[in-house]
S.K.: 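Sending over a structure as structure tokens; questions will come in a sec.
The structure displayed is predicted, hence computed values, not measured ones. Chain letters run A, B, ... following the sequence lines, proteins first, then strands; residues in each count from 1.
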There are 2 protein chains.
Amino acid sequence: MSLPHAILTALLEKPSSGLELTRRFDKSIGYFWSATHQQIYRELGRLEREGAIRALPSQGATRGQKKEYEVLPAGRAELARWTAEPQDPKPLRDTLLLRLRAAAVVGAEGIQEELRRHLDLHRRQLAEYEEIERRDFPPEKDAVEDRLRHVVLRAGIDLETFWTRWLTRAIEELGETAGAG
Amino acid sequence: MSLPHAILTALLEKPSSGLELTRRFDKSIGYFWSATHQQIYRELGRLEREGAIRALPSQGATRGQKKEYEVLPAGRAELARWTAEPQDPKPLRDTLLLRLRAAAVVGAEGIQEELRRHLDLHRRQLAEYEEIERRDFPPEKDAVEDRLRHVVLRAGIDLETFWTRWLTRAIEELGETAGAG
DNA sequence: AAGCACTGTGCAACTAGTTGCATAAAGCGT
DNA sequence: ACGCTTTATGCAACTAGTTGCACAGTGCTT
């Protein structure tokens, strides 16, 4: 149950319409909590019904008309409650690892290219994060909110670094016994 | 659609009943693809209907009676196909990161303990993986299947190492500006 | 003013995963 | 023979996320 909270966070950062939120979920918040526009519209409706957010009065209510939302006190309180609540990390679920395990019983044909392809994707993502860090977090920005956001970005960077290293090593090590199965 | 493939892999490693699979999903394969017994039974039924697996003939078909399954050629072929198929890594979805981001707008009360708690959990998991590595992968084991499985375990170890380091650093850095928000 | 592309909102149906509970047989103590 | 615990299988209902598509207004182009 995190999507509503992701939306509340995004709306507190800046009141937005559904489409604007969708675009912001394609970067920034979406880097660690992705969502499609359908999920977002559905959730906006639910949050409005529950009194957590409301449409800014200026906007008309018809289709095809932009509708901006802002967070109400009840929504902010719920977000604060959820943020401080203990939640266990959810267990890892990764198909690439699962496929390597499967390759151990049905043969490793084709896995090598897949590892290389993933390495490339993770390198790109890493470069993107590092670019954002350079742009958004110069050393002089040091308010608490900046620190929190920076630490989150740091997680993204370190995670992609982990993947690139692990993939590099895996490719090397499995390459030594090439077309085996 | 990975659960059926996880089950096929587990069954190829060793024919098992639903409950045995459930136990094995609590460790080993479950470390990177978890599943509850209900998911497993449902999927076993589906795979049997589709002709990917079959119940070993010796077992009766009634409730409360153990029913062991083995993989049929069609199942093995499907697993091999799926293993070699290109699949993009799925985007990260992590509530702790989301909550840190939320803390930047609603205040960081309570987050510090949560970070410490997670650090502890990740340290335990890391220790568990390292124990398995010591036990199951002595240097002389070097067949291809062992290498593949070892590389997968290595991913678990490196991933937990990343989390412990990142959490340690985050706690330090946010601690400097303690009860802020 | 007819056609078209773009912006924006939204429903419906589907797939995957979770939670809670029901049922059946076997083993064991009394 | 009775109830209790353990092993084992399974259904039903729910929650979350995905996919495909429909519909409405705006503004540009010819």
S.K.: Please tell me whether A/W163 and A/Q125 have a donor and an acceptor in their side chains that are separated by less than 3.5 angstrom.
M.R.: no
S.K.: Of the candidate nucleotides C/dT9, D/dC11, D/dT9, which contains the atom at the shortest distance from the side chain of B/Q38?
M.R.: D/dC11
S.K.: Nearest whole Å is fine: how far is C/dT18 C1' from A/K90 NZ?
M.R.: 15 Å
S.K.: When you measure from the side chain of A/Q39, which nucleotide among C/dG10, D/dT7, D/dT18 comes out closest?
M.R.: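 From the listed options, D/dT18 comes nearest.
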S.K.: Starting at OH of A/Y41 and ending at C1' of D/dG20, how long is that distance when rounded to a whole Å?
M.R.: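 Spelled out: OH on A/Y41 to C1' on D/dG20 is 16 Å.
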S.K.: How close or far is atom C1' of C/dT7 from atom CD of A/E68, stated in whole angstroms?
M.R.: 14 Å
S.K.: Figure out the CD1/P separation between B/I40 and D/dA8, and round it to whole Å.
M.R.: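 Interatomic distance, CD1 of B/I40 to P of D/dA8: 14 Å.
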S.K.: Students often get this wrong, so: under 4.0 angstrom with heavy atoms, is A/T22 touching a base, only sugar-phosphate, or nothing?
M.R.: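 Answer is nothing: A/T22 stays at 4.0 Å or more from every strand.
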S.K.: Which of these, A/L11, A/I53, A/L3, sits in a side chain to side chain contact (heavy atoms under 4.5 Å, CB included) with A/L47?
M.R.: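 Exactly one candidate clears the test, A/I53.
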S.K.: To the nearest 0.5 angstrom, please state how far the CG atom of B/L98 sits from the CG atom of B/L92.
M.R.: 10.5 Å
S.K.: Of the listed nucleotides (D/dT19, C/dT7, C/dT9), which one gets closest to any side-chain atom of A/R23?
M.R.: C/dT7
S.K.: Between D/dT7, D/dG10, C/dG8, spot the one nearest the side chain of B/L19, thanks.
M.R.: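 Out of D/dT7, D/dG10, C/dG8, the nucleotide with an atom closest to B/L19's side chain is D/dT7.
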S.K.: Is the ring pair A/H122/A/H118 parallel, tilted or perpendicular, if the boundaries are 30 and 60 degrees?
M.R.: tilted
S.K.: Calculate the interatomic distance between B/E43 atom CD and D/dT9 atom P; express it in whole Å.
M.R.: 16 Å
S.K.: Could you state the atom-to-atom distance from CZ of A/R49 to P of C/dG10 in whole Å?
M.R.: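 To the nearest whole Å, that distance equals 11 Å.
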S.K.: Fit a plane to each ring of B/F137 and B/H150, take the angle between them on a 0 to 90° scale, and name the class: parallel (under 30°), tilted (30 to 60°) or perpendicular (over 60°).
M.R.: parallel
S.K.: Could you tell me the separation between the NE2 atom of B/H5 and the C1' atom of C/dT15, rounded to a whole number of Å?
M.R.: 15 Å
S.K.: Are any of A/R93's side-chain N or O atoms less than 4.0 Å away from OP1 or OP2 of D/dG17?
M.R.: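 No, no such contact exists.
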S.K.: Ignoring the backbone of B/R42, work out which of D/dA8, D/dG20, C/dG17 is nearest its side chain.
M.R.: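 My answer, after comparing the listed nucleotides, is C/dG17.
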S.K.: Mapping A/L3 and A/H37 to their closest nucleotides on DNA chain D, which lands nearer the 5' end?
M.R.: A/L3
S.K.: Respond yes when some side-chain nitrogen or oxygen of A/K67 is under 4.0 Å from OP1 or OP2 of C/dG10, and no when none is.
M.R.: yes
S.K.: Verify the contact: side-chain N or O of B/K66 to OP1 or OP2 of C/dA26, cut-off strictly under 4.0 Å; return yes or no.
M.R.: no
